[in-house]
Each structure stands twice: as C-alpha cells, then as structure tokens.
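Shown next, in structure tokens, is the structure this report addresses.
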Amino acid sequence: MSEKQRLLPILEKAYAKATSQKAFYIDLQKKGIQLYTYRGEIRGVKSTRKFRFRTLGYNTEILKLLDKKVEKSARLEALRNIRESQQEHSLGRERTRKR
C-alpha cells in the first residue's frame, strides 16, 4: 500500500467529521498526521514525503466548504467526488504502467 493510499481514508474520516477547516487540521494532527505550510498557509500533509491537499483531491473549494454552513450531505457528496476522481486517476496510472 502506498503512502498516498494510506492517507486517503484518514483524510476522508477527518473531513466527514470536521465542522471547519481548523477542526479538520486539528483532527489530522491528533491522528499523527503532520501538516506542512508554504508561505504561511497550510498546504498539505507530510509523512515520508509531502502531499498537497490538492493532489489528494482536497482543493481549496472543497476545504472552504467546511467553513461554510453547508449541509453534511453536500460535504459527503464532495467526498464521493473525491473518491471517484482518485479511482479514475489510479486506473489511468495502472493502464499506462501496463503498456
């Protein structure tokens, strides 16, 4: 299992539970995930290497949904979209590797 694949379920659970960006970041840190910043803003997570939230499927718009009073169903829909894009991305990588 790759480092990225290990991080994705942790991010999903933290996102589903969070009520704000700050709560999301705090929950990740409680789970032992180190955050990294660039130019004073939290940009991603750091383990054996750095992963931007955008690379993991959590672009700024999706993270900003946490701060808005958006219904949980809308956030869960965003999570579904993230999962689908991750699956499509990993399928595309497998196809190119087999060639």
Side-chain angles (χ1 to χ4, degrees):
M1 177 182 276
S2 74
E3 189 67 20
K4 186 176 177 180
Q5 291 172 329
R6 185 187 72 79
L7 288 170
L8 288 174
I10 296 169
L11 290 169
E12 281 184 26
K13 288 177 187 173
Y15 186 86
K17 182 177 151 185
T19 55
S20 68
Q21 282 188 52
K22 186 174 182 177
F24 176 64
Y25 299 145
I26 289 170
D27 193 33
L28 290 176
Q29 288 176 320
K30 284 181 182 176
K31 293 179 181 186
I33 305 296
Q34 186 179 0
L35 303 176
Y36 84 88
T37 59
Y38 178 73
R39 296 187 179 182
E41 290 187 37
I42 297 173
R43 297 291 183 176
V45 296
K46 186 178 183 180
S47 57
T48 54
R49 59 175 279 213
K50 293 179 181 178
F51 291 97
R52 290 184 187 134
F53 284 121
R54 182 180 46 185
T55 303
L56 297 168
Y58 295 83
N59 62 30
T60 54
E61 294 165 6
I62 289 173
L63 291 174
K64 285 180 183 178
L65 282 177
L66 290 172
D67 288 330
K68 296 179 181 176
K69 300 296 179 193
V70 177
E71 290 184 20
K72 192 170 184 173
S73 61
R75 287 192 288 144
L76 293 176
E77 180 64 31
L79 274 176
R80 257 191 300 278
N81 292 337
I82 291 168
R83 275 190 221 121
E84 288 173 7
S85 68
Q86 287 293 330
Q87 288 174 349
E88 290 171 6
H89 182 70
S90 65
L91 286 175
R93 292 188 80 180
E94 288 177 13
R95 288 184 190 138
T96 57
R97 287 182 188 162
K98 291 180 182 178
R99 291 184 184 172

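Keep in mind it's a predicted model, so treat the numbers as computed, not measured.
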E41: what forms a salt bridge (Lys or Arg N to Asp or Glu O under 4.0 Å) with it, not counting sequence neighbours? R43
Pairwise side-chain contact, D27 with K17, heavy-atom cut-off 4.5 Å (strictly under): yes
Measuring only between side-chain heavy atoms, which start at C-beta, is Q21 closer than 4.5 Å to K64? yes
Does some side-chain heavy atom of I26 sit less than 4.5 Å from a side-chain heavy atom of K22? yes
Does the side chain of V45 reach to within under 4.5 Å of the side chain of Q34, using non-hydrogen atoms? no
Just by distance, do the side chain of S20 and the backbone of A23 share a donor-acceptor pair under 3.5 Å? yes
Any ring-ring contact (aromatic ring centres under 6.0 Å, His included) pairs touching residues 37-58, not counting sequence neighbours? Y15-Y58, F24-F53, Y25-F53
Does the Lys NZ or Arg CZ of K46 fall within the cation-pi geometry relative to Y36 - under 6.0 Å from the ring centre and within 45° of the axis? no
Side-chain contact, heavy-atom cut-off 4.5 Å: Q29 with L35? yes
pair I33-L7: side-chain heavy atoms closer than 4.5 Å: yes
Nearest atoms (heavy-atom pairs only) where L28 meets A14: CD2-CB, 3.8 Å
Sequence neighbours excluded, which residues qualify as salt bridge (Lys or Arg N to Asp or Glu O under 4.0 Å) partners of E3? R6
